[in-house]
Amino acid sequence: MEKVIISVLGRDTVGIIARVCTYLSKCNVNVNDISQTIIQGYFNMMMIVDLSGSSKVLGDIQNDLNQIGEELGVQIKCQREDIFDKMHRI
């Protein structure tokens, strides 16, 4: 399994989850876990996904998600799980 952490942060708007998940589905990326909250109009979502069956490489997915984030007015970060863990270690 090739686990990747995707985080989305920004002002809440209609269709954020749908747009991100539709893109991932088209790339054959499996969503293993997802959590989302909205606090005073700010949207926050974290996903753990599996890229092992993906039709695209991680770099292409990162670029595409950055573009989608710009279109939606949110920030989307996409990192391999091992890098994410090392960056967020106490």
Side-chain angles (χ1 to χ4, degrees):
M1 187 170 356
E2 188 179 349
K3 285 187 182 178
V4 171
I5 309 299
I6 298 173
S7 60
V8 182
L9 179 63
R11 283 261 181 215
D12 187 32
T13 187
V14 174
I16 298 172
I17 297 171
R19 183 81 184 276
V20 173
C21 288
T22 297
Y23 169 77
L24 295 174
S25 176
K26 288 179 180 178
C27 295
N28 202 34
V29 172
N30 188 45
V31 176
N32 293 331
D33 201 357
I34 184 171
S35 173
Q36 66 93 28
T37 57
I38 300 168
I39 300 172
Q40 295 185 4
Y42 288 95
F43 178 85
N44 183 28
M45 177 171 68
M46 181 172 273
M47 306 171 81
I48 301 173
V49 302
D50 179 9
L51 264 54
S52 60
S54 177
S55 58
K56 291 190 174 193
V57 296
L58 177 59
D60 291 341
I61 291 171
Q62 288 171 320
N63 291 335
D64 292 346
L65 287 174
N66 282 337
Q67 178 63 38
I68 290 169
E70 287 178 20
E71 293 168 10
L72 293 171
V74 298
Q75 186 177 68
I76 302 178
K77 299 288 184 190
C78 184
Q79 298 176 309
R80 288 189 355 233
E81 181 185 40
D82 58 339
I83 301 295
F84 182 87
D85 287 344
K86 288 177 183 170
M87 288 180 59
H88 294 90
R89 217 178 338 167
I90 295 177

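In what follows, residues are counted from 1 in the order of the sequence shown.
- Between the side chain of Asp50 and the backbone N or O of Asn30, no donor-acceptor pair lies under 3.5 Å.
- Atom CG in Leu72 sits 10.0 Å away from atom CG in Leu65 (nearest 0.5 Å).
- With values rounded to the nearest 0.5 angstrom, Glu70 atom CD is found 9.5 Å from Ile76 atom CD1.
- Considering NZ of Lys77 and CD1 of Ile5, their distance stands at 15.0 Å, rounded to 0.5 Å.
- Atom CD1 of residue Ile17 and atom CE of residue Met47 lie 8.0 Å apart, to the nearest 0.5 angstrom.
- A distance of 11.0 Å separates CG of Asp60 from SG of Cys78, quoted to the nearest 0.5 Å.
- With a 4.5 Å cut-off on side-chain heavy atoms, Tyr23 and Val29 do not count as touching.
- Hydrophobic clustering keeps Ile48 apart from Val31 (ILVMFWY residues linked when any side-chain heavy atoms are closer than 4.5 Å, directly or through intermediates).
- A distance of 3.5 Å separates OG in Ser54 from CD1 in Ile61, rounded to the nearest 0.5 Å.
- Within the 4.5 Å cutoff, side-chain heavy atoms of Arg11 are placed close to those of Tyr42.
- In this structure, Leu58 is a member of the same hydrophobic cluster as Leu24, with clusters built from ILVMFWY side-chain heavy atoms closer than 4.5 Å.
- Residues satisfying the side-chain hydrogen bond (donor to acceptor under 3.5 Å, both in side chains) test with Glu71, not counting sequence neighbours, are Arg19, Gln67.
- Hydrophobic clustering (side-chain heavy atoms under 4.5 Å, transitive across Ile, Leu, Val, Met, Phe, Trp, Tyr) keeps Met46 apart from Leu9.
- In this structure, the salt bridge (Lys or Arg N to Asp or Glu O under 4.0 Å) partners of Lys56, at least two apart in sequence or on a different chain, are Asp64.
- Residues Met1 and Asn32 have side chains in contact (heavy-atom distance under 4.5 Å, counting atoms from C-beta outward).
- Placement of Ile68 and Leu51 within a single hydrophobic cluster is found when ILVMFWY residues are connected by side-chain heavy-atom separations under 4.5 Å, directly or transitively.
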